[in-house]
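Just so you know, these numbers use all the heavy atoms, side chains as well, and skip hydrogens, waters and symmetry mates.
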Amino acid sequence: MVHTKCRGGTYPFSDIKRFVFPDEKVPWDIDFKDYNPPDYDSKGLLNKPWADPPLEDINFKPKWNTLDGTVNRKSHMGRLHRLPLNPKGRTGIGGRGILGKWGPNHAADPIVTRWKIVDGSKQLNPSSNLPIVQFCAIQRKDCGQWALPGGMVDPGEQVNETLQREFLEEALNSLETSKEQTEKEANMIKTFFKNGREIYKGYVDDPRNTDNAWMETVVMNFHDDAGTVVGKFNLRAGDDAQNVRWMDVDRTLDLYASHSDFIRIVAKKLNAHW
């Protein structure tokens, strides 16, 4: 069931209650005459250089379904209409919420993994008898949940550039590390990130989603099989992360947004314990 994290309750960083409705009314093609969600556009978005203006602004003429200047307004989920509607259905709140762009807001999430090594050998989980894989997890400052060290794709930025930048900023604290060390790690990351495997591309069940703005992401797995590259880095939390660590992969993980689903896919592809 989609929209388990962006329906019901209070919208993040506000006191706005989402309109509550049953699961069967989520799809737009299901008639729902009584659907009357509140509209919410955070005042914190006004005049921000990275945020769209209000839709009613007569000078705002977005070019949907294309590269609008440096802003990517193409959705992984299909074509958009003049007023973008969430491709997965109703969320109980209209407007843009706290998201910067109307329609798709593009992100990139790196899943950096290594094997859990004990006494020189891969540690096996006794229940599955499969090796345990670990991933680099960050604890978000905004909500305290554990998540992947990803973030928004900047205008004009390529996805692979975003993946590298976010990992360096959140998992290696490149913004506060010496220039010499940052350059050394950045060069290693650039080489290491050349050999990734796409895990997912599309819609994300994110608590910030609304009827008219939503998160989409590209998820890539970068696996350090020998544990000799990123696997031996001294992780340092930075930017939007308050903590960072290598976390064992297990089906009991409860991560931010859809991140647990992405980790499950990686575990299956690596034939690791889940």
Side-chain angles (χ1 to χ4, degrees), residues 49-50 65-77 99-101 103-114 133-138 140 147-177 179 181-204 206 214-233 235-241 244 246-247 249 255-259 261-270:
W50 44 265
N65 305 301
T66 188
L67 189 62
D68 186 6
T70 59
V71 178
N72 183 8
R73 299 195 187 277
K74 294 183 289 185
S75 171
H76 298 307
M77 308 301 293
L99 292 175
K101 308 297 181 187
N105 288 256
H106 292 283
D109 292 297
I111 302 180
V112 177
T113 53
R114 70 177 188 182
V133 69
Q134 298 178 315
F135 75 103
C136 179
I138 61 108
R140 295 173 61 104
L148 301 174
M152 308 303 296
V153 179
D154 288 342
E157 190 175 48
Q158 297 298 311
V159 167
N160 194 261
E161 294 174 325
T162 307
L163 292 165
Q164 294 177 48
R165 174 176 56 77
E166 289 292 340
F167 187 79
L168 286 165
E169 290 177 358
E170 296 192 340
L172 294 173
N173 196 18
S174 62
L175 298 178
E176 298 181 10
T177 303
K179 182 179 179 180
Q181 183 171 357
T182 296
E183 288 180 351
K184 180 180 178 181
E185 291 176 339
N187 288 332
M188 293 180 70
I189 290 296
K190 184 176 182 179
T191 300
F192 181 67
F193 274 34
K194 286 182 178 179
N195 299 307
R197 176 162 54 179
E198 185 177 294
I199 297 300
Y200 177 82
K201 180 166 67 175
Y203 182 87
V204 180
D206 190 289
W214 58 90
M215 292 296 302
E216 296 186 13
T217 193
V218 175
V219 183
M220 298 288 295
N221 176 219
F222 304 96
H223 182 61
D224 188 358
D225 195 64
T228 57
V229 188
V230 181
K232 67 177 183 180
F233 278 9
L235 301 179
R236 306 178 302 277
D239 196 27
D240 296 327
V244 61
W246 290 103
M247 183 176 288
V249 169
L255 304 176
Y256 181 79
S258 302
H259 293 187
D261 294 330
F262 304 149
I263 293 294
R264 174 182 54 81
I265 296 172
V266 169
K268 299 297 183 181
K269 287 184 177 294
L270 291 174

>> Please enumerate all residues that pass ring-ring contact (aromatic ring centres under 6.0 Å, His included) together with F233, with sequence neighbours excluded.
In response: none
>> Quick check against the 3.5 Å criterion: does H106 have a side-chain atom that pairs as donor or acceptor with the backbone of V218?
In response: no
>> My understanding is that only residues two or more places apart in sequence, or in another chain, count here; which of them pass side-chain hydrogen bond (donor to acceptor under 3.5 Å, both in side chains) with N221?
In response: T113
>> The criterion is side-chain hydrogen bond (donor to acceptor under 3.5 Å, both in side chains); which residues satisfy it with T182, sequence neighbours excluded?
In response: none
> Can you tell me how far CG of L67 sits from NZ of K74, rounded to the nearest 0.5 angstrom?
Replying inline: 6.0 Å
> Going by the angle between their ring planes, with limits at 30° and 60°, are F192 and F222 parallel, tilted or perpendicular?
Replying inline: tilted
>> Can you confirm whether K269 sits close enough to I199 that some side-chain heavy atom of one is under 4.5 Å from a side-chain heavy atom of the other?
In response: yes
>> Tell me every residue that passes side-chain hydrogen bond (donor to acceptor under 3.5 Å, both in side chains) with D225, counting only those two or more places apart in sequence or in another chain.
In response: W115, H223
> Which atoms form the tightest heavy-atom contact between A257 and V204, and what is the distance?
Replying inline: CB-CG1, 3.9 Å
> How would you list, by chain and number, every residue that makes a salt bridge (Lys or Arg N to Asp or Glu O under 4.0 Å) with D240, sequence neighbours excluded?
Replying inline: none
> Quick one: salt bridge (Lys or Arg N to Asp or Glu O under 4.0 Å) pairs with a partner in residues 159-170, sequence neighbours left out?
Replying inline: D154-R165, E157-R165, R165-E169
> Tell me, do L148 and Y256 make a side-chain contact under 4.5 Å, heavy atoms counted?
Replying inline: no
> Can you list the residues that meet the side-chain contact (heavy atoms from CB on, under 4.5 Å) rule with K190, with sequence neighbours excluded?
Replying inline: Q164
>> Just to verify, what does S75 make a side-chain hydrogen bond (donor to acceptor under 3.5 Å, both in side chains) with, not counting sequence neighbours?
In response: E216
>> Before you tell me yes or no, could you show the steps for L168 and I189 under side-chain contact (heavy atoms from CB on, under 4.5 Å), namely the whole-Å CA-CA distance, both residues' side-chain angles and the distance that decides it to 0.1 Å?
In response: CA-CA 8 Å; L168 286 165; I189 290 296; 4.0 Å; yes
> Between G231 and R114, which heavy-atom pair has the shortest distance, and what is it?
Replying inline: O-NH1, 2.6 Å
> For the atom pair OG1 (T66) and CG (N72), what is the distance rounded to the nearest 0.5 Å?
Replying inline: 8.5 Å
> Who passes side-chain contact (heavy atoms from CB on, under 4.5 Å) against Q181, sequence neighbours left out?
Replying inline: T177, S178, E185, R236
> Do you know which two heavy atoms are closest between A108 and V159, and how far apart they sit?
Replying inline: CB-CG1, 3.9 Å
> Taking only residues two or more places apart in sequence, or in another chain, which ones meet N105 in a side-chain contact (heavy atoms from CB on, under 4.5 Å)?
Replying inline: L99, K101, M152, A213, M215
> So, for F193 and N160, which heavy atoms are closest and what is the spacing to 0.1 Å?
Replying inline: O-ND2, 3.5 Å
>> Going by ring-ring contact (aromatic ring centres under 6.0 Å, His included), name the residues that satisfy it together with Y200, two or more places apart in sequence or in a different chain.
In response: F262
>> Can you give me the closest heavy-atom contact between T162 and G151, atom names plus distance?
In response: CG2-O, 3.9 Å
>> Ignoring hydrogens, what is the shortest heavy-atom contact between A267 and V249? Give both atom names and the distance.
In response: CB-CG1, 3.9 Å
> Out of curiosity, D239 CG to L172 CG, how far, rounded to the nearest 0.5 Å?
Replying inline: 12.0 Å
> Say you draw a straight line from CZ of F135 to CG of L270; how long is it, rounded to the nearest 0.5 Å?
Replying inline: 13.0 Å
> Is any side-chain heavy atom of L235 closer than 4.5 Å to a side-chain heavy atom of C136?
Replying inline: yes
>> Rounded at 0.5 Å granularity, tell me how far CD in E198 sits from CD1 in I265.
In response: 10.5 Å
> Who passes side-chain contact (heavy atoms from CB on, under 4.5 Å) against T228, sequence neighbours left out?
Replying inline: D224, A226
